[in-house]
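What follows is a set of notes on a single structure, which appears directly below.
Here the structure is a predicted model, which means the values were calculated and not measured. In what follows, every heavy atom counts, from backbone to side chain, and hydrogens, waters and symmetry copies are set aside. Chain identifiers are assigned alphabetically (A, B, ...) following the order of the sequence lines, protein sequences preceding nucleic acid strands; residue numbering begins at 1 within each chain.
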2 protein chains.
Amino acid sequence: MQKIHNLSKNQKIIFDLIDKSGGPMKAYSILFNVQKRGIKAPLQVYRALDKLVEIGKIHKIESRNAFIACQNSSCQVSKATAFSICESCENVSEISNSKLSKYLSNFSDNSGMKYSKYNLEFFGLCKKCKSK
Amino acid sequence: MQKIHNLSKNQKIIFDLIDKSGGPMKAYSILFNVQKRGIKAPLQVYRALDKLVEIGKIHKIESRNAFIACQNSSCQVSKATAFSICESCENVSEISNSKLSKYLSNFSDNSGMKYSKYNLEFFGLCKKCKSK
DNA sequence: TAACAGTATGTAATAATATAACATTTACAA
DNA sequence: TTGTAAATGTTATATTATTACATACTGTTA
Ligand SMILES: [Zn+2]
Ligand SMILES: [Zn+2]
Ligand SMILES: [Zn+2]
Ligand SMILES: [Zn+2]
């Protein structure tokens with residue numbers, strides 16, 4: 001059961017921008033792009049990003065300090081994320097593989113730690129870049 | 001077959017510090033700690049960190065912008081890394097689980113992408129923090 | 001040895017990413 | 001309608017990381 005979140009004005013502006021871009025966007029690039037819509041300060045961007053991450057509408061690509069729209073169904077509210085990243089063209093896409101997510105969600109070791117969340121980033125060359 | 005890298009002076013100072021700390025360290029905290037040993041500027045730290053990451057002596061914890069000494073055997077030169085991170089006390093440890101690493105190293109999907117590297121970060125509560 | 005290439009260092013300036021602190025406003029339920 | 005949580009606006013500042021340029025060291029080869 002997915003809770004419906006009504007996005008606020010700034011959240012909506014910023015989510016729409018990221019979503020339409022189709023790829024990862026960096027915070028200050030987002031800021032630049034929304035200044036004409038009245039969002040003037042970094043903090044306004046970061047606050048919206050924080051919220052959007054929290055509710056699973058976007059994810060942060062940690063290795064790139066960038067944010068991408070969720071391509072699944074808000075990934076159980078961002079608790080289980082996996083991405084493939086091309087190290088040449090920097091194309092990023094979200095991996096949706098139920099075997100993988102089951103495997104990782106059920107993973108446990110003998111550390112006594114209870115895992116409630118994970119983030120996985122694969123790196124390599126995409127189809128295009130491989131054939132160059 | 002593991003190539004032996006003779007660390008340079010700065011690399012050695014910085015690796016020893018991180019290694020002895022037993023946990024993740026941030027770049028500017030490293031800088032502060034090595035100033036008495038003659039390393040004065042951020043760039044000197046980042047250059048050593050870059051090299052140490054490259055040769056697999058340390059890893060970057062991307063979600064924390066911090067660096068930790070490799071607890072395995074340089075992890076095939078940093079191509080396959082997994083960590084568990086306590087969200088309460090921020091304790092980090094490197095996961096060494098051959099099933100997991102085999103599973104991830106062999107992972108492929110239908111994207112046509114060839115994966116040569118991955119980084120996985122698990123989050124949760126460690127034993128100590130769970131029982132509080 | 002001398003010349004060379006590759007790696008490492010030193011230093012200053014600056015770019016890029018992110019948060020603190022405080023004042024105000026809006027949404028909405030009790 | 002009043003209380004409360006969430007969101008916004010604004011300024012300043014903290015944190016993380018890189019550019020640019022000059023110099024020095026290390027090991028190999030002519
Ligand atoms: Zn997602
Ligand atoms: Zn590519
Ligand atoms: Zn390692
Ligand atoms: Zn803990």
#### Entry: B/Asn91 CG to B/Cys89 SG distance, which is reported to the nearest 0.5 Å
5.0 Å
### Message
Test: salt bridge (Lys or Arg N to Asp or Glu O under 4.0 Å). Region: residues 108-128 of chain B. Which pairs qualify, not counting sequence neighbours?
### Response
A/Glu87-B/Lys117
### Message
Using a 4.5 Å cut-off between side-chain heavy atoms of Ile, Leu, Val, Met, Phe, Trp and Tyr, which other residues end up in the same hydrophobic cluster as A/Leu125?
### Response
none
### Task
With sequence neighbours excluded, give me every salt bridge (Lys or Arg N to Asp or Glu O under 4.0 Å) pair touching residues 31-47 of chain B.
none
### Task
Using a cut-off of strictly less than 4.0 Å between a heavy atom of the residue and any atom of DNA chain C, enumerate the qualifying residues of residues 34-49 of chain B by number.
B/Lys40, B/Ala41, B/Leu43, B/Gln44, B/Arg47
#### Entry: Residue pairs involving residues 79-110 of chain B (criterion ring-ring contact (aromatic ring centres under 6.0 Å, His included); sequence neighbours excluded)
A/Tyr103-B/Tyr103, A/Phe122-B/Phe107, B/His59-B/Phe83
### Summary
Correct closest heavy-atom pair for B/Asn6 and B/Gln11 would be O-OE1, 4.4 Å
#### Entry: A/Leu7 to A/Ile55 - nearest heavy-atom pair and separation
CD2-CD1, 3.6 Å
### Summary
For A/Ile68 and A/Ile61 the tightest heavy-atom approach is CG2-CD1, 3.8 Å
#### Entry: side-chain contact (heavy atoms from CB on, under 4.5 Å) assessment of B/Glu54 paired with B/Lys51
CA-CA 5 Å; B/Glu54 186 192 322; B/Lys51 188 66 185 187; 3.8 Å; yes
### Query
By the rule that ILVMFWY residues connect when side-chain heavy atoms come within less than 4.5 angstrom, directly or transitively, which residues belong alongside B/Phe32?
none
#### Entry: Common cluster, A/Leu43/A/Val34, ILVMFWY with side-chain heavy-atom separation under 4.5 Å
no
### Query
Going by heavy atoms in the side chains, are A/Ser105 and A/Tyr115 under 4.5 Å from each other?
no
Can you give me the N/O atom pairs linking the protein to nucleotides 24-30 of chain C at distances under 3.5 Å, or say none if there are none?
none

### Bend angle of the helix from C/dT1-D/dA30 to C/dA30-D/dT1, from helix axes over five pairs at each end, nearest 10°
30°
### Query
Any side-chain N or O of A/Asn65 less than 4.0 Å from the OP1 or OP2 oxygen of D/dT16?
no
### Task
Taking only heavy atoms on the protein side, list every residue of residues 8-18 of chain B lying under 4.0 Å from any atom of DNA chain D, sorted numerically.
none
### Query
Does the side chain of B/Lys60 get closer than 4.0 angstrom to OP1 or OP2 of D/dA17 through an N or O atom?
yes
### Task
Output all residues satisfying side-chain contact (heavy atoms from CB on, under 4.5 Å) with A/Ser93, sequence neighbours left out; order by chain, then residue number.
A/Gln71, A/Ser84
Would you be so kind as to tabulate the donor-acceptor pairs closer than 3.5 Å made by side chains of residues 12-29 of chain A, with sequence neighbours excluded?
residue	atom	partner	partner atom	Å
A/Lys12	NZ	A/Asp16	OD2	2.9
A/Ser21	OG	A/Ile18	O	2.8
A/Ser21	OG	A/Gly23	N	3.2
A/Ser21	OG	A/Gly23	O	3.1
A/Lys26	NZ	A/Arg64	O	3.4

#### Entry: Members of residues 19-30 of chain A that approach DNA chain C, where some heavy atom sits under 4.0 Å away
A/Lys26, A/Tyr28
## Note on the structure
Nearest heavy-atom contact between A/Ser116 and B/Gly124 is OG-CA, 3.8 Å
